[in-house]
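Hydrogens, waters and symmetry mates play no part in the numbers below; they use all other heavy atoms, side chains included. Being a predicted model, the structure only gives us computed values, none of them experimental.
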Amino acid sequence: MKFTSPRPGQLPNNVHPPYKSTLARGPHQPRVEVLSRAAADQSLRLTRSIALRDADLTSQGQSAPLGQAITVSGRVVDEDGRPIRDSLIEVWQCNAAGRYAHVKDDHDAPLDADFPGFGKMLTDSDGRYHFKTIKPGAYPWGNHHNAWRPAHIHFSLFGNVYAQRLITQMYFPDDPLFPFDPIFNSIADKAARARLVSRFSLDETVSGVSLGYVFDIVLRGRSATPTGI
Ligand SMILES: [Fe+2]
């Protein structure tokens, strides 16, 4: 199978000096293509480890977490628009106050015992996924003076085999922190960056319950959603 390579600037710079930790941890050698048949044959069989509750991040505590309830939904497709079916998506995020339920997060913002901040789901036969959560807050980080991350949700996408695993981040429309965030701007191509931003949808909004956001993901090609961030 022949794949279309992304154009320069469509993927994040592995070493992006404004994003300081990439100087130490970014790869300095060219990437190595992994095309072994063995890797491609490791089909995922994870359906038994997924429960419906895993796609509702607001139902994993004793009561509803604090914050604005939202749903996120979309399709995962390949470069030709074909659905990626029965594929594992994992998501993780901070709480509404901008703090992760993680031992290494020392941001002075309140933890929410009702919000672990982790979910997982499978795409359906049309490549669609859907989960409920709360809108994450912005949080400060030590990259530079007054550095704050735009609100985001981390995504892990497996495609159909382990060797295809990709990581990306979903953002929210019109975030005022976009121009100042070196992670978001490590992707040089403006149109590619825009593909990381979800769109608000009144159709996906549940009356009286949650605001709806749509985030479609293209795994390869010239219209690919940037990954590796
Ligand atoms: Fe994050």
Salt-bridge test for [X] and [Y]: reply yes if a basic N is under 4.0 Å from a carboxylate O, no otherwise.
X: Arg85; Y: Asp124; result: no
X: Arg7; Y: Asp189; result: no
X: Arg82; Y: Asp78; result: yes

For [X] and [Y], does a side-chain donor sit closer than 3.5 Å to a side-chain acceptor?
X: Ser63; Y: Asp114; result: yes
X: Glu79; Y: Ser223; result: no
X: Ser73; Y: Arg128; result: no

[X] side chain vs [Y] backbone, donor-acceptor pair below 3.5 Å:
X: Thr227; Y: Leu166; result: no
X: Asn14; Y: Gly26; result: no
X: Asp181; Y: Leu177; result: no
X: Lys132; Y: Thr71; result: no
X: Asp105; Y: His107; result: yes
X: Ser156; Y: Glu90; result: no
X: Asp86; Y: Ser125; result: no

Quick check: is [Y] connected to [X] through a chain of hydrophobic side chains (ILVMFWY, heavy atoms under 4.5 Å apart)?
X: Ile167; Y: Leu157; answer: no
X: Val76; Y: Leu88; answer: no
X: Ile84; Y: Phe155; answer: yes
X: Ile187; Y: Leu11; answer: no

Which pairs with one or both residues in residues 93-102 pass salt bridge (Lys or Arg N to Asp or Glu O under 4.0 Å), sequence neighbours excluded? none
Arg193/Gln10 under side chain to side chain donor-acceptor pair (under 3.5 Å): CA gap, chis, key distance, verdict: CA-CA 8 Å; Arg193 282 201 302 275; Gln10 285 192 318; over 6 Å; no
Residue of the set His152, His102, His154 for which ring pair (Phe, Tyr, Trp, His ring centres under 6.0 Å) holds with Trp92: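 Going through His152, His102, His154 one by one, the ring pair (Phe, Tyr, Trp, His ring centres under 6.0 Å) with Trp92 is satisfied by His154 alone.
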Nearest-0.5 Å distance that lies between atom OG1 in Thr133 and atom OH in Tyr213: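 Here the rounded value is 12.0 Å.
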Verdict with supporting geometry, Tyr19 and His144, ring pair (Phe, Tyr, Trp, His ring centres under 6.0 Å): CA-CA 9 Å; Tyr19 179 8; His144 57 275; over 10 Å; no
Is the ring pair Phe178/Phe184 parallel, tilted or perpendicular, if the boundaries are 30 and 60 degrees?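 The rings of Phe178 and Phe184 lie parallel, inter-plane angle below 30°.
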Excluding sequence neighbours, so at least two apart, what forms side-chain hydrogen bond (donor to acceptor under 3.5 Å, both in side chains) with Asp203? none
Smallest separation among heavy atoms of Thr225 and Ile217, with atom names: OG1-CA, 3.4 Å
